[in-house]
Amino acid sequence: MNNKHKNITLNDLPKHNVYQVPEDYFDRLPMRIMERTATEPQQQWLPVKLWQQLQIAIAPFVLLLLFVGVFYVSLKSQPEQQAINLAAVNDSEIVDYLSAYATLESADLAELNAIQQQELPSEFLNVSSKAAEEELEYYHLRDTDY
Amino acid sequence: MEDKEILEKFANPDSRNLAFNQLVRKYQQKIYWHIRKMVIDHEDADDLTQEVFLKVWKNLENFRQDAQLYTWLYRIATNECLTFLSSKKRKFFLPINDVAAELAEKIDSSADISGDEIQLKLQKALLKLPDKQRLVFNMKYYDELKYEEISEILGTSVGALKASYHLAVKKIEEFLKQD
């Protein structure tokens, strides 16, 4: 044990700075720092900077939201649009279409008649009297009251 | 020049450079020595001091005047030191003791470090402390800052700082008594 330092405390030591700097270091340092500040832009005011960063971060979310919105609106308006389109077609066109392309059961015609409460004209059926008679005979419908 | 006056002049674009020059001249030594005692090497301390003042230049406009200017400067310098020391450890995959040994070796060999035996031993004893405890010790012992001021700089409670300082003193005195 070194007796010289055996009972030493920090209070016994003078506060001596052991580090040195080159000559005139502190005279030159401000100038060196000022030279560097000339090439360093100052930070922009925080809200401006924050807003710029937010814009970049928000952009993809806004785009995504826009796509979802457009998709949702188009999905919602589809049935309404179909109903509007159908309403624009007049009855005779619908009848022509159905008689030309649709397979109609006699029950369908009967239902239509019941709804409209009117006699079906022969031209609506688009069938000759003879063929109609045969049809009724075939399905035993002559005595059925609709 | 008072801090308030420096800040007012800095806010005016016409007197900004002059005000910043005054600020650097006022605080350069405090900041440099605070850093030097942590990193030991002059070149490293010089680089870090310049970096600190560049950060001050960039951010002084955002400085909230409810804090003291010098505690804000100390905080920036402290963060630079801690970042530098931890990157040094990471860069060379060195454990803490090896970094301390490297810095202790600089104390023995560097031409710009001189003092009597016990003073140099004190500096080596300080290197045995963890970085944050060494910071606390330096600010209290050498810079004679109040615990409240150190608390503002490090964001640590006064009680924890007192305990840390007394523990540091105990460790250092133990080291000084060793051969």
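Chain naming here is simple, since letters A, B, ... match the order of the sequence lines and numbering starts at 1 in each.
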*Going by the angle between their ring planes, with limits at 30° and 60°, are B:Trp72 and B:Phe63 parallel, tilted or perpendicular?*
tilted
*Look at the aromatic rings of B:Trp57 and B:Phe10 and report parallel, tilted or perpendicular, splitting at 30° and 60°.*
perpendicular
*Trace of the side-chain hydrogen bond (donor to acceptor under 3.5 Å, both in side chains) decision for A:Asn11 with A:Thr9*: CA-CA 5 Å; A:Asn11 292 333; A:Thr9 65; 4.7 Å; no
*Is NZ or CZ of A:Lys15 both nearer than 6.0 Å to the six-membered ring centre of B:Tyr141 and within 45° of the ring axis?*
yes
*Taking only Lys NZ, Arg NE, NH1 and NH2, and the carboxylate oxygens of Asp or Glu, determine whether B:Arg36 and B:Asp44 approach each other closer than 4.0 Å.*
no
*Ion pair present between B:Arg75 and B:Glu152, side-chain N to carboxylate O less than 4.0 angstrom?*
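Result for this pair is no, no salt bridge flagged.
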If I measure from the heavy atoms of chain A, does [X] come under 4.5 Å with its side chain, its backbone, both, or neither?
X: B:Asp46; answer: both
X: B:Ile172; answer: side chain
X: B:Glu144; answer: side chain

_B:His42 ring center within less than 6.0 Å of A:Tyr25 ring center_ = yes
*asked:* Using only non-hydrogen atoms and a strict under-4.5 angstrom cutoff, which residues of residues 21-32 of chain B touch chain A?
replied: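 The residues closer than 4.5 Å to chain A, in numerical order, are B:Asn21, B:Val24, B:Arg25, B:Gln28, B:Gln29, B:Tyr32.
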